[in-house]
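Single-structure report; data block below.
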Amino acid sequence: MSLTRLHIETFRNIDSASLQLGSGINLIYGHNGSGKTSILEAVYFLGMGRSFRSHLSQRVIQNHQDKLTLFANLVNDTRDYKIGFRRLRSGESEVKINGDRVKRLATLAETLPIQVITPESFSLLFEGPKSRRQFIDWGAFHSDNSFHHAWVNVKRILKQRNQLLKNESSYEQIQFWDKELVRYAQTVTEIRKRYVDSLNERLKGIIEEFLPQIDVKVSFTRGWDSKTDYQQLLQAQYSRDLAAGHTSSGPHKADLRLRVGTLPVQDALSRGQLKLLVCALRIAQGKLLKQQIDKNSIYLVDDLPSELDAKHRQLLLQQLSDTGAQILVTAIEPAAIVDSLNTPPTKVFHVEHGRVTVIE
Ligand SMILES: Nc1ncnc2c1ncn2[C@@H]1O[C@H](COP(=O)(O)OP(=O)(O)OP(=O)(O)O)[C@@H](O)[C@H]1O
Ligand SMILES: [Mg+2]
């Protein structure tokens, strides 16, 4: 799966840009504020319908414009997709695949699995469990068709349950929902657990290369004590949940634990090592997806050289190339990437004040 053409209109500081992308490494370079991250953000927007930088999607629409438009051609071995995305300042958006309007944004995500590595990717390790859960669920979503439905239902039932708790409903009134919740929670948990197990197998070799002699352990926690039956736990915690006004345990509290020995990784590793660990996790995800459903991800790596020495840049670029995926990397100085590669990048683009030119 790769993008052959990307067209961007009135997106951040880019008035209009067309990029004919190559299948391997695409290097995008330019000064601070030229528009490099915005190009990656545009690709992400196509795949996810939102930004990886701001939760306010309207902010990416160019100032003084009323909409943004994105087009892309996407090819895999057997099919060719034309994807179009338009977002209005009023909040409406339109997604089209091969000319047909699609309702669910998930349809787009299935077509275009995207891996993002940015200097902010550290949040995966530092912030609360939410971003780590999203990391697991990216894989769960792509590797198992039944995940999306089960997870949507868990969220729906939890919302209803929490409303009942806020209304101080009796446990008899809640019990009906708990039966359903337990059923979906089990599906979600099984898929997530299976996924993290498979991921760990792929991860080992990559971590050995990126962080030799460091014993990194990655494990899954389901969101409640694994020895306790979830239905019984919900009943036992009813009074506590009633006082809190929400459900304290469940799949919405699942997490990925990252440790070196007994320490959380952020207390045991340097910044560069943490960056390498995040990259290892993302690369393992991409490789696993390829193995499981023969689908390549697209890697968006923003400011790849930052925090890394020459040797580790080289290792990272090598591992990324080994995935066989299409890669879009940005850097301020092109040499920081070119000097770390054995063969030149497939395509090189220079960005200046939102204008993109291809370097032959
Ligand atoms: N909605 C918008 N309309 C117009 N310009 C915008 C909008 N949002 C951001 N910008 C501008 O777009 C420019 C490009 O930002 P971008 O983050 O893509 O730069 P960059 O090349 O990644 O820079 P750096 O090397 O510092 O990371 C910035 O100067 C920013 O002020
Ligand atoms: Mg940037």
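Atoms within a ligand are numbered from 1 in the order they appear, just like the ligands themselves.
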May I ask whether Arg53 places a heavy atom under 4.0 Å from ligand 1?
yes
Side chain, backbone, both or neither: which part of Glu41 comes within less than 4.0 Å of ligand 1 when only heavy atoms are counted?
neither
Tell me whether Ile61 has any N or O atom under 3.5 angstrom from an N or O of ligand 1.
yes
So for ligand 1, is Ile332 a polar contact partner (N or O within less than 3.5 Å, distance only)?
no
If we number the atoms of ligand 1 from 1 as shown, the ones under 4.0 Å from a heavy atom of His31 are 21 (O)
Same hydrophobic cluster for Leu3 and Val358, using side-chain heavy-atom links shorter than 4.5 Å among ILVMFWY?
yes
Is it the case that more than 12 heavy atoms not belonging to Lys295 sit under 6.0 Å from its NZ atom?
yes
Measure from NZ or CZ of Arg282 to the centre of the six-membered ring of Trp138 and say whether it is under 6.0 Å with the direction within 45° of the ring axis.
no
Any chance CZ of Arg89 has more than 12 other-residue heavy atoms, nucleotides or ligands included, within less than 6.0 Å?
yes
List every atom of ligand 1 that sits less than 4.0 Å from any heavy atom of Thr37, numbering the atoms from 1 in the order shown and giving each element.
17 (O), 18 (O), 20 (P), 22 (O), 27 (O)
Please compare Asn13, Asp303, Asp15, Asn32 and report which has the shortest non-hydrogen distance to atom 13 (C) of ligand 1.
Asn13
Return yes or no for this condition: an N or O of Ser34 is under 3.5 Å from an N or O of ligand 1.
yes
Identify the closest protein heavy atom to atom 25 (O) of ligand 1: which residue and atom is it, and at what distance?
Lys36 NZ, 2.7 Å
Verify atom 17 (O) of ligand 1: protein non-hydrogen atom under 4.0 angstrom away:
yes
For atom 15 (O) of ligand 1, the closest protein heavy atom turns out to be Ser38 OG, 3.8 Å
When only distance counts, is Gly33 in polar contact with ligand 1, meaning an N/O pair under 3.5 Å?
yes
Hydrophobic clustering (ILVMFWY, side-chain heavy atoms < 4.5 Å, transitive) - are Leu300 and Leu289 grouped together?
no
Is the shortest distance from a Lys or Arg side-chain nitrogen in Arg161 or Asp178 to a carboxylate oxygen in the other one below 4.0 Å?
yes
For atom 4 (C) of ligand 1, what's the nearest protein heavy-atom neighbour? Residue, atom name and distance, please.
Arg12 O, 3.1 Å
Hydrophobic cluster membership, Ile214 vs Leu308, 4.5 Å side-chain cutoff:
yes
Heteroatom test (N, O or S) for Thr37 near the Mg ion (ligand 2), limit 2.8 Å
yes
Of all the atoms in ligand 1, which lie at a distance below 4.0 Å from a heavy atom belonging to Gln62?
1 (N), 3 (N), 4 (C)
With the threshold set strictly below 4.0 angstrom, can you tell me whether any protein non-hydrogen atom sits that near atom 30 (C) of ligand 1?
no
Is the number of heavy atoms from other residues, nucleotides or ligands within 6.0 Å of CD (Glu333) greater than 12?
no
With heavy-atom distances below 4.5 Å as the criterion, would you say the side chains of Val188 and Arg222 are in contact?
no
Tested for ring-ring contact (aromatic ring centres under 6.0 Å, His included) against Phe85, the lone hit among Phe11, Phe71, Phe45 is Phe45
Give me the nearest non-hydrogen protein atom to atom 2 (C) of ligand 1 as residue plus atom name, then the distance to 0.1 Å.
Asn63 OD1, 3.3 Å
Exam field: side chain Arg132 to backbone Leu256, donor-acceptor pair closer than 3.5 Å
yes
